[in-house]
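Reminder, nothing fancy here: chain letters follow the sequence lines and each chain counts from 1. It should be emphasised that the depicted structure is a prediction, and the values quoted were computed from it without experimental measurement.
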Protein chains: 2
Amino acid sequence: MSPKRKSNLSIEHALLGFIQEQPLHGYEIHQRLQAAQQLGLVWHLKQAHLYALLSKLESDGLIAAELIAQEARPPRRLLQLTAAGREAFANWVAAPVQHGRDLRIEFLAKLFWAQQRGATPTEQLIAAQRDECRMWLDNLRVEMAQSTDTTPYALLVLEFRRGQIEAMLEWLDTCESALASAAT
Amino acid sequence: MSPKRKSNLSIEHALLGFIQEQPLHGYEIHQRLQAAQQLGLVWHLKQAHLYALLSKLESDGLIAAELIAQEARPPRRLLQLTAAGREAFANWVAAPVQHGRDLRIEFLAKLFWAQQRGATPTEQLIAAQRDECRMWLDNLRVEMAQSTDTTPYALLVLEFRRGQIEAMLEWLDTCESALASAAT
DNA sequence: ATCTTTATACTCACTAATTGAGTACTCGAA
DNA sequence: TTCGAGTACTCAATTAGTGAGTATAAAGAT
């Protein structure tokens, strides 16, 4: 009833990238997701799930469908970005992820699209994520410094997180130089 | 109808640890899960979710409940390990996780219980996980070596994973020395 | 000439995961 | 005396995710 559902979109935004250039239908998007060496490397989606996410994006007004009848086949639902969708996608690509658990999939997906968009968006994304990671590290260090009454286990947990974040930061540097050398 | 449901238990096993020593009821388990510096540090569960997981464990025959009536309050369901549950828990604690995505929560949960059990189980778990991680690394290196026709993006994805696994391996070393020095 | 795959383009019904909210009582403090 | 906090769960609802199915055409096999 209420017009504003709490729409928890995040990784779904990655699908919008496929229809930036030209409208596509769901089946084709699924094909491209599977394609080797691309997004499918980090994000796996069953077909039925893909269609579910697409309708979610549609009901959120980020994409709009146009029915293209085909004689004797199910009609294609040609999907295209709405203005809101185009904006949401741009924002999503540019924004770093806010939690470590989102690095493996969502950040790599952002990087994929950023890198399709060119060197500048890529560098900006990397810089933004680096800032975010540094913030996480700073917070961790504060927590660890305050740890006088900390159990050995709790300390190990914090050290685990520190290690993962530091590895991420080093890898972000790798990304930058890889892309810089790819540009030349 | 069929007696064998495909029961996809894994992280749920961590709950069994709470009733190793004495039977507890769900509410109490939730309290202990929240307790600072413990498992709650890595695994957050809403109350309703906890109860759902407990019934799953029960229908899998790993725990059994005894109803304890209390005058004028809802009766407690006192939960205890079955023989199968005790075995399943021991196996779970000893086994390394098979996928990188399970490191942040499930492995840390295993470590928590291993370390409650003493130095030997802890060392064994760490060793087993180290072997597993080394295997992942070896596979990654093969993939990377075979990468002649690889896009820069695909290469970065592989390098990301390598970084995370290497950080994990270093951290496993930290764990070992931390626990060794705690033992003295 | 017919028969079987394979590709196209989705839909449906279901189970599992997860959440918010509620219930029904007690006890201690203001 | 009433208000909040604690005890111990339960329920209904929403979301996520999967397996299987549908309907058709074109391509290839026998």
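Distance Glu58(A) CD to dC10(C) P: 11 Å, rounded to the nearest Å. Per the geometry, CG belonging to Leu54(A) stands 12 Å off C1' belonging to dA9(C), to the nearest Å. Separating the CG atom of Leu50(B) from the C1' atom of dG20(C) is a distance of 16 Å, rounded to the nearest angstrom. The interatomic distance linking Tyr51(A) (OH) with dA9(C) (P) rounds to 8 Å, in whole Å.
The hydrophobic cluster analysis finds Met135(A) isolated: no Ile, Leu, Val, Met, Phe, Trp or Tyr side chain comes under 4.5 Å of it, directly or through other members.
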Can you give each donor-acceptor pair under 3.5 Å made by side-chain atoms of residues 33-42 of chain B, sequence neighbours left out, with the distance rounded to 0.1 Å?
unit_1: Gln37(B); atom_1: OE1; unit_2: Thr151(A); atom_2: N; d: 3.0

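Ion pairing of Glu66(A) with Arg77(A) is absent here, as no side-chain N (NZ or NE/NH1/NH2) approaches a carboxylate O to less than 4.0 Å.
Residues from residues 18-49 of chain B placing a heavy atom under 4.0 Å of any atom in DNA chain C, listed by number, are Lys46(B), Ala48(B), His49(B).
The ring-ring contact (aromatic ring centres under 6.0 Å, His included) search around Tyr153(A) returns Phe112(B), not counting sequence neighbours.
Among residue pairs with one or both ends in residues 119-134 of chain A, those qualifying as salt bridge (Lys or Arg N to Asp or Glu O under 4.0 Å) are Arg130(A)-Asp173(A), Arg130(A)-Glu176(A); sequence neighbours excluded. The list of salt bridge (Lys or Arg N to Asp or Glu O under 4.0 Å) pairs with a residue in residues 95-116 of chain A, not counting sequence neighbours, is empty.
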